[in-house]
Amino acid sequence: MRMLTSGDEDIRIAAEAIKAGRLAAFPTETVYGLGGDAFNVSALARIFEAKRRPRFDPLIVHIADVDSLDMVANAGSLPPSARAKLWALCRKLWPGPLTLVLPKQPAVPDLATSGLPTVAARFPSHPAAQKLIRYSTGAIAAPSANPFGYLSPTKAVHVQEQLGERVDFIIDGGSAGIGVESTVLDLTEEPARILRPGGALREAIEALIGHVEMGSPAQDAPHSPGQLASHYAPNAPLFLHDANDMARLSFCSDEAYLFFDEETRGVWHMRNAPDAGGDERIFTLAAGADMGAADKTLEAAANLFDILHTIDKRKPSAIHAQKSPDSGLGAAINDRLARAAAKRN
Ligand code: TXA
Ligand code: MG
């Protein structure tokens, strides 16, 4: 594995590797992706192998402009109403943290879509991601660059620690700005359905295309494994509490505490005086003072996986996490925390 910068020459090195069927991890505005040529089945197989990912889990295909959508998706086969929604979303929310599930082109191998007739397409806004896609094959399949079911990486060092020699190159683009994955929106259903909440807010989507459904379709297929109950999980069992319950917990020196904000942490501290070193196990997702609710959920999302990685390294016997308020990115944060908590069962 070789660490690269996000400079032009380094991105070209990673792009050549992708053209040759090898893998490169790269930054996006949401989390780091583990990229391979979307049209090359051996590259796709390498992705699954590196992630130890079950084959049934389809990958997101990343493109670097709206015109390239034709390479991977067959928008023409959508009904006119869905096509209108697609273009409205592309115009306003691309590039950005929104993945669209659309009828696939035959050129996209079944391995990329797990045999589904649909493809998940995303146009990321991160400049390094866009260059990597352009300099390579124009379409990069990339799941988040973590072992299957584990925490998503928001820094190059997370990828290095988790995938090590299983990846050829890592482009270091600093911290991922948003910190939770893209919203996955299925446009092949009427009404459209959010299969995974994420960086693009439901409110912003509904403002453009009207009401969208949330969660698994009734017949429960095709599965979006981002919906598996125990996804995005740290090693320690995680318990989720609302603010009041969190403030009432008693300190236990081998457990970790993840507060949403300083207010709740402050109330908790009035009851608890952790011993020296106790602070190593106490964290706050949105630590800044005087922030509005939207800024808090933004900061919390950006910190979420990084803090969970840090907590996990300290090997607590349990993690107590405070729920985020549900507004804005809070829905995606709570979704990830609930999945981490579901691993206990
Ligand atoms: O922010 C992100 O989306 C990151 C960055 C790297 O772009 N990628 C990411 O990929 O989170 P991944 O593979 O970890 O998650 C892809 C999600 C999964 O929940 C998968 O099941 C769903 O998208 N998905 C992919 N193709 C699908 C399809 N054809 N139909 C339904 N769901 C699909
Ligand atoms: Mg993932």
Side-chain angles (χ1 to χ4, degrees), residues 23-36 38 44 47-48 50-64 72-74 94-105 108-126 128-130 132-133 140-154 158-159 162-163 171 173 176-189 192-200 215-217 220-233 301 305 329 332 335-336 339:
L23 304 185
F26 61 98
T28 81
E29 68 277 22
T30 56
V31 300
Y32 275 70
L34 174 63
L44 296 169
I47 293 176
F48 289 109
K51 275 189 70 97
R52 310 274 191 263
R53 183 178 213 182
R55 293 283 151 115
F56 60 78
D57 198 355
L59 303 171
I60 293 177
V61 178
H62 298 69
I63 53 177
V72 298
N74 180 4
W94 271 8
L98 175 67
T99 295
L100 299 173
V101 173
L102 298 163
K104 86 173 188 78
Q105 290 288 15
V108 178
D110 279 338
L111 196 50
T113 62
S114 303
L116 294 173
T118 52
V119 63
R122 165 156 135 75
F123 174 10
S125 64
H126 198 292
Q130 292 182 0
L132 182 67
I133 299 164
I140 291 184
S144 49
N146 52 294
F148 183 73
Y150 193 61
L151 301 169
S152 294
T154 55
H158 297 156
V159 184
Q162 294 176 20
L163 294 180
I171 298 173
I178 295 177
V180 289
E181 296 84 347
S182 61
T183 301
V184 179
L185 178 70
D186 186 351
L187 282 178
T188 66
E189 271 193 64
R193 180 181 290 276
I194 291 180
L195 297 175
R196 176 179 75 179
S216 307
D220 215 25
H223 289 284
S224 189
Q227 299 178 313
L228 285 180
S230 71
H231 222 67
Y232 314 102
F305 285 120
L329 281 179
D335 174 79
R336 303 304 185 271
R339 283 170 211 284

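Both counts, for ligands and for their atoms, begin at 1 and track the order of listing.
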Quick one: pull up CG in Leu59 and CD1 in Ile47 and give me the separation to the nearest 0.5 Å.
5.5 Å
Between Ser182 and Arg196, does any side-chain donor sit less than 3.5 Å from a side-chain acceptor?
yes
Ile60 near ligand 1 by a heavy-atom separation under 4.0 Å:
yes
Quick check: does Ser144 put an N/O/S atom under 2.8 Å from the Mg ion (ligand 2)?
yes
Below 3.5 angstrom, do we get any N/O pair linking Tyr32 and ligand 1?
no
Within the 4.0 Å heavy-atom shell around Gly33, which atoms of ligand 1 are there?
6 (C)
Considering only NZ, NE, NH1 and NH2 on the basic side and carboxylate oxygens on the acidic side, decide whether Glu181 and Arg122 come within less than 4.0 Å.
no
Side chain to side chain contact (heavy atoms under 4.5 Å, CB included) partner of Lys104, chosen from Val61, Thr118, Thr113
Thr113
Where ligand 1 meets Ser144 - atom numbers and elements under 4.0 angstrom, heavy-atom basis
8 (N), 9 (C), 10 (O), 12 (P), 14 (O)
Going by the order shown, which atoms of ligand 1 are within less than 4.0 Å of some heavy atom of Pro58?
20 (C), 21 (O), 24 (N), 25 (C), 26 (N), 27 (C), 33 (C)
Distance, nearest 0.5 Å, that separates OG1 of Thr99 from CG of Leu195
10.5 Å
Nearest 0.5 Å, what's the CD-CZ distance between Gln130 and Phe26?
11.0 Å
As an exercise, state the distance from CG of Asp335 to CG of Leu329, rounded to the nearest 0.5 Å.
12.0 Å
For Leu195, the atoms of ligand 1 under 4.0 Å from one of its heavy atoms are 31 (C), 32 (N)
For Thr118, atoms of ligand 1 separated by under 4.0 Å from a heavy atom:
28 (C), 29 (N), 30 (N)
Drop me the distance from Thr30's OG1 to Leu98's CG, to the nearest 0.5 angstrom.
11.5 Å
Location of contacts on Asp186 toward ligand 1, heavy atoms closer than 4.0 Å:
neither
How long is the straight-line distance from CZ of Phe123 back to CD1 of Ile133, given to the nearest 0.5 Å?
8.0 Å
Report yes if Thr28 has an N/O atom closer than 3.5 Å to an N/O atom of ligand 1; otherwise report no.
no
Could you name the option among Leu102, Leu116, Val184, Thr183 that has the heavy atom nearest to atom 28 (C) of ligand 1?
Leu116
Should you measure from each heavy atom of His62, which atoms of ligand 1 turn up under 4.0 Å away?
5 (C), 6 (C), 7 (O)
When only distance counts, is Ser182 in polar contact with ligand 1, meaning an N/O pair under 3.5 Å?
yes
Enumerated ligand 1 atoms positioned under 4.0 Å from heavy atoms of Ala120
25 (C), 26 (N), 27 (C)
Ignoring hydrogens and geometry, is there a side-chain-to-backbone donor-acceptor pair from Ser144 to Asn146 under 3.5 Å?
no
Among the heavy atoms of Lys104, does any lie under 4.0 Å from an atom of ligand 1?
no
